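Following: one structure in structure tokens, then a few remarks.
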Amino acid sequence: MKFQFLGTAAAEGIPGMFCNCPTCKRTREAGGKNYRSRAQAIVNDDLLLDFGPDTYTHMCRFGLDLSRVRFLLITHAHDDHLTPSELRYRENGFAYLYGDKANDDSDYEKLHIYLSELSNSFLPPDVKNSAPLDIHTIKPFEPFTIGKYTVTALKAHHAPGYGALFYLIGDGEKTILYAHDTGFFPEETMNYLKKNRPQPDFVSLDCTGILGSCGPHHMNLADAAEMKQRLLDIGCAKDSTIWYVNHFSHNGNCTHDELVPLAEKHGFSVSYDGLALEI
Ligand SMILES: [Zn+2]
Ligand SMILES: [Zn+2]
Ligand SMILES: [Zn+2]
């Protein structure tokens with residue numbers, strides 16, 4: 001399974017658009033991997049995770065062919081993870097999926113979008129009714145099959161009113177757990193994991209607060225280390241599991257370069273924009 005981090009920041013990006021804090025200053029000086037756009041990832045070339053405001057930039061920067069994406073999993077409708085107006089550019093006229101001009105929208109293979117009912121309520125009607133999109137509302141803890149993937153949405157502790165989810169994704173050979181915008185996983189999710197014991201080959205955990213405090217709806221590095229231990233304690237990982245931290249805020253007071261050695265002490269690698277892995 002191919003997995004690529006496209007964007008690795010929380011809502012405001014690093015550096016923050018209008019920010020002049022010490023972390024953003026050090027980021028601008030150091031450049032490179034320290035720059036982070038809003039969180040998004042892609043599995044192989046056909047399953048996209050989240051659709052935030054940097055999707056277009058990711059497409060250009062990392063040479064993605066988004067016409068090949070068939071499935072889009074949304075964690076929640078905060079606007080750094082779902083920018084619905086951009087979905088309109090998949091309509092006939094804005095996009096020719098097959099190279100030649102399509103006759104009408106009925107020729108289009110639909111993009112299947114999965115999100116919670118609460119997040120779905122944030123989609124504007126013109127997006128919901130757009131012909132080339134097929135929107136599915138999903139519930140946590142009910143696995144479903146899309147193409148070669150088995151997907152299980154898990155409940156996150158994040159933003160009441162959004163029905164925030166995170167995802168366990170298997171392709172028959174490998175399994176990944178992609179989690180951000182979670183505090184410590186809620187009891188229901190831990191019970192599900194304890195009972196079903198998935199053993200992901202790759203786990204990416206929320207690390208929004210890094211070295212700072214971040215409230216209960218996110219985690220910092222110490223929380224991520226604790227969460228990792230809790231998953232190990234219930235048998236939801238194996239010796240060979242690859243652990244990453246991801247989804248960072250400038251409020252965490254730490255650039256990428258500064259974080260790498262600190263995360264390593266807890267057995268984590270650190271995501272950066274464009275990092276592609278063969279899992
Ligand atoms: Zn976020
Ligand atoms: Zn800043
Ligand atoms: Zn959020």
Side-chain angles (χ1 to χ4, degrees), residues 5-42 48-55 57-58 72-84 86 114-123 140 153-167 177-186 189 204-221 223-224 227 244-259 270-273:
F5 289 104
L6 303 175
T8 56
E12 65 279 16
I14 303 181
M17 199 180 295
F18 299 104
C19 190
N20 204 16
C21 78
T23 304
C24 290
K25 277 187 189 163
R26 295 200 305 284
T27 297
R28 290 189 179 98
E29 280 159 17
K33 293 174 186 172
N34 298 286
Y35 270 80
R36 298 187 185 279
S37 58
R38 272 63 68 88
Q40 186 175 41
I42 191 166
L48 195 59
L49 288 149
D50 279 342
F51 196 79
D54 294 324
T55 303
T57 306
H58 295 159
L72 169 59
L73 304 180
I74 300 293
T75 56
H76 63 302
H78 274 163
D79 61 10
D80 51 324
H81 298 284
L82 179 59
T83 309
E86 297 276 62
Y114 302 84
L115 75 182
S116 70
E117 202 163 344
L118 283 169
S119 282
N120 184 50
S121 68
F122 291 91
L123 286 178
L154 300 170
K155 202 174 197 174
H157 186 198
H158 183 74
Y162 285 80
L165 302 170
F166 61 98
Y167 292 102
L177 180 67
Y178 178 73
H180 58 64
D181 291 278
T182 69
F184 285 103
F185 298 175
T189 294
S204 171
L205 294 179
D206 185 297
C207 194
T208 309
I210 318 181
L211 305 182
S213 58
C214 53
H217 294 170
H218 286 294
M219 294 196 286
N220 60 21
L221 181 60
D223 296 337
M227 192 65 245
Y244 268 83
V245 280
N246 179 43
H247 191 280
F248 306 101
S249 164
H250 65 151
N251 291 313
N253 309 316
C254 196
T255 65
H256 175 83
D257 296 342
E258 293 158 1
L259 178 55
V270 181
S271 68
Y272 59 86
D273 292 12

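In each ligand, atom 1 is the first atom listed, and ligand 1 is the first ligand listed. Values in this document were obtained by computation on a predicted structure and should not be read as measured data.
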- Is it the case that His78 and Asp181 place a side-chain donor and acceptor less than 3.5 Å from each other? no
- State whether a side-chain donor-acceptor pair under 3.5 Å links His250 with Thr27. no
- Message: We want to know whether Thr8 and Asp273 form a side-chain donor-acceptor pair, criterion being a heavy-atom distance below 3.5 angstrom.
- Response: yes
- Side chains of Thr182 and His158: do they bring a donor and an acceptor to under 3.5 Å? no
- Tell me yes or no: between the side chains of Thr255 and Asp257, is some donor less than 3.5 Å from an acceptor? no
- the Zn ion (ligand 1) as vertex, arms to NE2 of His247 and OD2 of Asp181: angle to 10°? 80°
- Item | His250 atom (N/O/S) at minimal separation from the Zn ion (ligand 2) | ND1
- Counting backbone and side chain alike, does His81 bring an N/O/S atom below 2.8 Å of the Zn ion (ligand 3)? no
- Which atom of His78 is nearest the Zn ion (ligand 3), counting N, O or S only? It is ND1
- Query: How open is the angle at the Zn ion (ligand 2) from atom SG of Cys21 over to atom SG of Cys24, rounded to 10 degrees?
  - Reply: 110°
